[in-house]
Protein chains: 2
Amino acid sequence: MSTISDVAKLSGLSKTTVSRVINNHPYVSKEKKEQVLKAMEELGYTPNPSARRLRGQLTTTLGVIVPRIVNPFFSYLVNSIEQTAYHKGYQVLICQSNEDKEKELAFLNLLKTKQVDGIIMTAIENDWNIIQPFTDYGPIVLCNEYVNHADVPIIRLDQYKGTYIGVKHLIEKGHQKIAYCTGGLFDEQGKDKDRNYGYQKALKEAGIVINPKWIFVNQHTIEDGKQVMKQILEMDDRPTAVFTGSDEIAGGMMIEAKGHSLRVPDDIAIIGFDDQPLAEMLDPKLTTIRQPVDQMGEKSVEVIIEMLHNPEMKTETYEMSIELVVREST
Amino acid sequence: MSTISDVAKLSGLSKTTVSRVINNHPYVSKEKKEQVLKAMEELGYTPNPSARRLRGQLTTTLGVIVPRIVNPFFSYLVNSIEQTAYHKGYQVLICQSNEDKEKELAFLNLLKTKQVDGIIMTAIENDWNIIQPFTDYGPIVLCNEYVNHADVPIIRLDQYKGTYIGVKHLIEKGHQKIAYCTGGLFDEQGKDKDRNYGYQKALKEAGIVINPKWIFVNQHTIEDGKQVMKQILEMDDRPTAVFTGSDEIAGGMMIEAKGHSLRVPDDIAIIGFDDQPLAEMLDPKLTTIRQPVDQMGEKSVEVIIEMLHNPEMKTETYEMSIELVVREST
DNA sequence: TTGTAAGCGTTATCAA
DNA sequence: TTGATAACGCTTACAA
């Protein structure tokens, strides 16, 4: 690898001048600038990012923390972030937290050591008061995740609305017995509380009382979906519709339902969440809630880069709209 | 951020000694080692990777180049690579090439500038003679991709066998008219040539002549699958079975077939490739070729780390086995 | 067994 | 408008 000194030598100028050219500083004559550029070209010179980092420069690298990259929701989100970042001249370091607190902290440390300029968190494992101090070392943006009273930009979806319109759709289709699956708990606080609230609100407005037996917490995978359906099949009083927390759960439920000759949506209507490619491949095609993943990723990158350029920037919360995609499963 | 000097000061020892402790050098007395450790603890010290890199040390960062992270095959592969690497104390920089030659080169440059210790390539966009020179700067391992006569370790699947057993399975089921989809071309050389050969071999052994009309090249997505099925539907002489290049194509074909009341597998048998989660969710469940993605990822990381420790290591090709998963679509 | 000092490739400061 | 020099945090001869 050639260095700045090589370029200086070849162009007959000083390192300083070369550095100025690299960084587009003013006060370099056109003439010398061209000499430098030519030498750089000739040597195939690329600045060494480690040296720049060490020197305290920006690194044009962003970190993204995702829980699991194999979850399509996150892989699409990462894709959008990566593409946007690349166009803006940034690299992306993708970190998979695996829902592990320690691993999350390890990645946040990259900020401390200037490995990344900023971090986009798409999920949070540790308490905010543990994470908060890292904001001293660089911008942190929350994407698809939020914390009350956190003084960082938040790019999020209106999960409440998503659930509300989904459940309402079921009610309009004539359902009264509506089960509900969530990836979190059915608490007032904590993960997915907004979705829970959307479900409760929609039912309440329709004068429907919640049946606690039809609430399934901590559900995530296809397999979980199958299990939920099994439980439903054993009930004397079965729900006629289910609002699920993800297309995968919905898919799992559909498989199991079919295995027991239950017709969707006639015997049981099912609604997913995410609008993954899968949704269109299921039979019947899945009614689901579409989240504008690409937009979220794009916005997150824009915001974090803006913070980099303007650290005083006022932190805002950006809410993306969410929509119901009606297909055949409801 | 505290530095090595801070630790030295606090522990009353020299930077050198601290450095020795960090790097587990011998010749540090137990006593001093503990002093250092204590000081590090107290200051919450983390070595600055940029400084280490600059100094020419290993970076404990590996790069992985994938074409598209949203492709489940690659997201699972990346997942496996990331997990294995993390356990071995390495971070992973994930690079999405988007099948763009320039982007691939940009990432390979990370090796030149010591941003990553080594790179695992899961696809290759540029000609090998363009990539080859980068091996001077650090190990490159090919995973799921290969190049003849390349002097780098290769971790790959026996694609020939995968296709051969799949097509043979169709023949054993009584099919004679077997269509074939590939992501590449139907050339002797180039992408997917091994799969092509497997198809040809299986047919030849059964004394079946290939019908060129039933060869579909350059197929990748769900949408492609739909289009292929449309074309088949318009044929006077239709194939009774299709070997596809991916579960997605297979899925697309199934959707379209159903839309036209064609029964799978009775009217047309379909076989996928990859055994993605999707395969089990389709109706009928998809017969497909399973690739041991996790194993491949693991092996790639093991090999590349070994090369880092032992640069003289002889390069080998590792071939992973591949198997047929028979479900309901054949 | 420990410490001193040089150097990795940059950029910022200061002087010319 | 240009250049010499110090500094970023670390490791490694070399010396003690």
Side-chain angles (χ1 to χ4, degrees), chain A residues 1-37 39-40 43-61 109-117 137-138 308, chain B residues 1-37 39-40 43-61 109-117 137-138 308:
Chain A
M1 258 325 265
S2 56
T3 74
I4 199 172
S5 301
D6 299 329
V7 178
K9 210 170 293 168
L10 183 62
S11 61
L13 295 163
S14 72
K15 291 199 296 179
T16 309
T17 304
V18 176
S19 174
R20 288 203 179 100
V21 172
I22 295 170
N23 296 284
N24 263 313
H25 272 277
Y27 303 129
V28 185
S29 67
K30 268 229 152 72
E31 191 193 353
K32 313 240 162 179
K33 183 166 178 176
E34 303 220 322
Q35 281 178 50
V36 171
L37 255 20
M40 295 198 333
L43 292 165
Y45 167 77
T46 324
N48 181 319
S50 300
R52 302 182 105 177
R53 264 169 241 231
L54 186 54
R55 201 54 239 285
Q57 278 282 115
L58 294 189
T59 65
T60 61
T61 302
N109 256 309
L110 298 174
L111 205 51
K112 245 176 148 177
T113 55
K114 288 270 178 294
Q115 293 292 103
V116 296
D117 293 336
Y137 302 106
L308 253 16
Chain B
M1 256 325 265
S2 55
T3 75
I4 200 173
S5 302
D6 299 328
V7 178
K9 208 171 295 169
L10 183 62
S11 62
L13 295 162
S14 73
K15 290 197 299 178
T16 311
T17 304
V18 176
S19 174
R20 288 203 178 99
V21 172
I22 295 170
N23 295 284
N24 261 314
H25 272 276
Y27 304 130
V28 184
S29 66
K30 268 230 153 73
E31 191 193 352
K32 314 239 160 178
K33 183 166 178 176
E34 302 219 324
Q35 283 178 49
V36 171
L37 256 19
M40 293 197 333
L43 291 166
Y45 168 77
T46 323
N48 182 319
S50 301
R52 303 182 102 177
R53 263 169 242 231
L54 186 54
R55 198 52 235 279
Q57 278 282 116
L58 294 189
T59 65
T60 61
T61 303
N109 257 310
L110 298 175
L111 205 51
K112 243 175 149 180
T113 54
K114 289 269 179 297
Q115 293 291 102
V116 297
D117 293 336
Y137 303 106
L308 252 16

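Every chain is numbered from 1 and lettered A, B, ... according to where its sequence line falls, protein lines coming before strand lines.
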Residue pair A:Asp6 / A:Thr3, side-chain heavy-atom distance below 4.5 Å | yes
Donor-acceptor pair between A:Asn48 and A:Arg53 side chains, under 3.5 angstrom = no
Spacing between B:Arg53 atom CZ and D:dT12 atom P, to the nearest angstrom = 16 Å
Heavy-atom donor-acceptor pair, B:Lys15 side-chain to C:dT4 base, under 3.5 Å = no
Does D:dG9 have OP1 or OP2 sitting under 4.0 Å from an N or O in the side chain of B:Arg52?
-> no
Comparing B:Lys32 with B:Ala51, nearest DNA chain C nucleotide closer to 5' gives the residue B:Lys32
Please report the C-alpha distance between A:Arg20 and A:Leu13 in whole Å, then the side-chain angles of each, then the deciding distance to 0.1 Å, and finally whether the side chain to side chain contact (heavy atoms under 4.5 Å, CB included) criterion is met.
-> CA-CA 11 Å; A:Arg20 288 203 179 100; A:Leu13 295 163; over 6 Å; no
Measure the shortest side-chain to side-chain distance between A:Asn109 and A:Lys112 over non-hydrogen atoms and say whether it is less than 4.5 angstrom.
-> yes
Is there side-chain contact between A:Lys33 and A:Leu37, with heavy atoms separated by less than 4.5 Å?
-> yes
When rounded to whole Å, the OH to C1' distance for the pair B:Tyr27 and D:dA13 reads 15 Å
To the side chain of A:Thr3, which of D:dC10, D:dT12, C:dG9 is closest?
-> C:dG9
Which part of the nucleic acid does A:Thr46 contact within heavy-atom distance under 4.0 Å: base, sugar-phosphate only, or nothing?
-> sugar-phosphate
Could you go through the side chain to side chain contact (heavy atoms under 4.5 Å, CB included) check for B:Ile22 and B:Met40 one step at a time?
-> CA-CA 10 Å; B:Ile22 295 170; B:Met40 293 197 333; 4.2 Å; yes
Atom CD1 of B:Ile4 and atom C1' of D:dA7: how far apart are they, to the nearest Å?
-> 16 Å
Would you check if B:Thr17 and B:Val28 make a side-chain contact, meaning some heavy-atom pair closer than 4.5 Å?
-> yes
Between A:Ser29 and D:dT2, is there a side-chain N or O to OP1/OP2 distance below 4.0 Å?
-> yes
Can you check whether any acceptor in the base of C:dT4 is under 3.5 Å from a donor in the side chain of B:Thr16, or vice versa?
-> yes
Rounded interatomic separation in angstrom, taking NZ from B:Lys9 and C1' from C:dG3 = 16 Å
Using whole Å, report how far CG of A:Asp6 lies from C1' of C:dG9.
-> 10 Å
Atom-pair distance (CD on B:Gln35; P on C:dT1), nearest Å = 15 Å
Below 3.5 Å is the cut-off: list the nitrogen or oxygen pairs between protein and nucleotides 14-16 of chain D, distance only.
none

So what does B:Pro26 touch, heavy atoms closer than 4.0 Å: a base, only the sugar-phosphate, or nothing?
-> nothing
From the candidates D:dT5, D:dG9, D:dC8, the one with an atom nearest any side-chain atom of A:Arg55 is D:dC8
So, is A:Thr17 close to the D:dG3 phosphate, meaning a side-chain N or O under 4.0 Å from OP1 or OP2?
-> yes
Phosphate contact (C:dT11 OP1 or OP2) by A:Asn23 side-chain N/O below 4.0 Å | yes
When all nucleic acid strands are considered with a 4.0 Å heavy-atom cut-off, which category describes B:Ser19: base, sugar-phosphate, or nothing?
-> base
Find out whether A:Ile4 and A:Ser19 are in side-chain contact, i.e. whether some heavy atom of one side chain is under 4.5 Å from a heavy atom of the other.
-> yes
